[in-house]
Amino acid sequence: MLQQTTVAAVVPYFERFVARFPSVADLAAADEHDVLQLWEGLGYYSRARNLRRAAQSIVEHHAGVFPNDVARLQELPGIGRYTAGAILSFAFDKPAPIVEANTLRLYCRLLGYGADPRSAEGQRVLWRFAEELVPSDQPGEINQALMELGATVCTPVNPACDDCPLATFCAAKEQGTVAEIPLPAKRPEITELAEVAVVLARGDQYLLMRRNPGERWAGLWDFLRFGEHDAVGGLERHLRDRFGLNSKLGMEFHEMKHSVTRYRITLRCVRATWIAGEPVEKDRAFRWANLNELAEMPLPVTGRKIARLLETAGLKSQG
DNA sequence: AAGACGGGGAA
DNA sequence: TTCCCAGTCTT
């Protein structure tokens, strides 16, 4: 859960997750749908699927016992070099190195490494340094202390060098390059997208479509959604041509902006009323759901916002 | 080596 | 707005 996600955001998810799936066996036996449901809003949903698959792999290939060597850990889906090192050192107290956001920044500054730490060379340098750093005695404590130092003292902006116990060993401080290190990551170009969400109502039910592999939010459910560009001939026509649905367009009831990875999406939410036809598209799952059922389906945050609007704004009673 | 993948919080 | 977060997997 903590991969690329702040501790504050994770805590409530973690509490609910371990309460619902207290053991590896519980998680391995769970439906993917239920795991995604608990993950809703946390983002990077492949982590949830990988975590479940990892649990299944542990049950099936490791007799239900968590592996305790780096090679077997990294064979598990979703566990890379950092997570393997974290598990080994934190949980098993084995001397394994770690490099993540906090220690990356700390190590770069200690070394005075001004080149790109994300390049292949930078990674070699940092992991080598991390190996030299990790002691055989209490490696878990030391690793967590290094991360904590990075998170609380060696911060991205205005680091508290005066309070840093390692200041005398810090090359960046010596060089006066603390503010320039680490080199910031290249920022991807943002693509503006205009999309439409169609809330198609049939009685008290709404039509959901499942996001397919390869699409954003793969595996999650969403209202009918497509690029505005895809519906140039009109929304009613698009629904008929693409899904075989006969419908009557209603009001646009909301507009929201949302950023996801390298996209900034302006989403127009339009209401429509079902007239005839069952939705059909190759390799696409659909489901009619009322508000109660909607609450138990994993949706992207924009979808969840729409669902809440339906509950609160009284839209469900309009035509 | 570069891109894809989410969403929230802080400055 | 912009930056960043206990990274990993796929092109």
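Note that this is a predicted model, so its numbers are computed, not measured. Each chain gets a letter, A, B and so on, in the order its sequence line appears, and its residues count up from 1.
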To the nearest Å, give me how far apart [atom1] ([X]) and [atom2] ([N]) are.
X: A:Leu267; N: B:dG7; atom1: CG; atom2: P; answer: 12 Å
X: A:Tyr13; N: B:dG7; atom1: OH; atom2: C1'; answer: 8 Å
X: A:Leu51; N: C:dT8; atom1: CG; atom2: C1'; answer: 13 Å
X: A:Arg262; N: B:dG7; atom1: CZ; atom2: P; answer: 16 Å
X: A:Glu75; N: C:dC9; atom1: CD; atom2: P; answer: 12 Å
X: A:Ile87; N: C:dT8; atom1: CD1; atom2: P; answer: 9 Å
X: A:Ile98; N: C:dT8; atom1: CD1; atom2: P; answer: 11 Å
X: A:Gln4; N: B:dG6; atom1: CD; atom2: C1'; answer: 11 Å

If only side-chain N and O atoms of [X] are considered, is one of them under 4.0 Å from the OP1 or OP2 phosphate oxygen of [N]?
X: A:Trp39; N: B:dG6; answer: no
X: A:Gln3; N: C:dG7; answer: no
X: A:Arg47; N: C:dC9; answer: no
X: A:Tyr45; N: B:dG7; answer: yes
X: A:Thr5; N: C:dG7; answer: no
X: A:Arg187; N: C:dT2; answer: no
X: A:His258; N: B:dG6; answer: no

Among the nucleotides [options], which one has an atom lying closest to any side-chain atom of [X]?
X: A:Lys186; options: B:dG6, B:dA2, C:dC5; answer: B:dA2
X: A:Pro156; options: B:dG7, C:dC4, C:dG7; answer: C:dC4
X: A:Arg216; options: C:dC5, C:dT8, B:dC5; answer: B:dC5

Taking the six-membered ring for Trp and the full ring for Phe, Tyr or His, determine whether the centres of A:Phe129 and A:Tyr113 are under 6.0 Å apart.
no
Quick test of your reading of the model: are A:Arg242 and A:Glu281 salt-bridged, counting only N-O distances below 4.0 Å?
yes
Using a 4.0 Å heavy-atom cut-off across all strands, classify [X] as base, sugar-phosphate, or nothing.
X: A:Arg49; answer: nothing
X: A:Ala120; answer: sugar-phosphate
X: A:Thr83; answer: sugar-phosphate
X: A:Ala9; answer: nothing
X: A:Phe90; answer: base
X: A:Leu42; answer: base
X: A:Pro188; answer: nothing

List the steps, then state whether side chain to side chain contact (heavy atoms under 4.5 Å, CB included) holds for A:Lys257 with A:Leu267.
CA-CA 6 Å; A:Lys257 289 186 183 297; A:Leu267 180 66; over 6 Å; no
Taking every heavy atom of A:Ile181 against every heavy atom of A:Ala172, the minimum-distance pair comes out as CD1-CB, 4.3 Å
I'd like to know if the side chain of A:Arg202 pairs up with that of A:Thr273 as donor and acceptor (distance under 3.5 Å, no hydrogens or angles considered).
no
Residue whose nearest DNA chain B nucleotide is more 5′ - A:Ser46 or A:Ala8:
A:Ser46
Mapping A:Arg118 and A:Lys305 onto DNA chain B by nearest heavy atom, which one lands closer to the 5' end?
A:Arg118
Relative to the 5' end of DNA chain C, which residue comes earlier, A:Arg264 or A:Asn50, by the nucleotide with the nearest heavy atom?
A:Arg264
Fit a plane to each ring of A:Phe286 and A:Phe243, take the angle between them on a 0 to 90° scale, and name the class: parallel (under 30°), tilted (30 to 60°) or perpendicular (over 60°).
perpendicular
Between B:dG8 and C:dT8 - P atom distance, rounded Å
23 Å
Flag yes if more than 12 heavy atoms outside A:Glu174 fall under 6.0 Å of its CD atom; otherwise flag no.
no
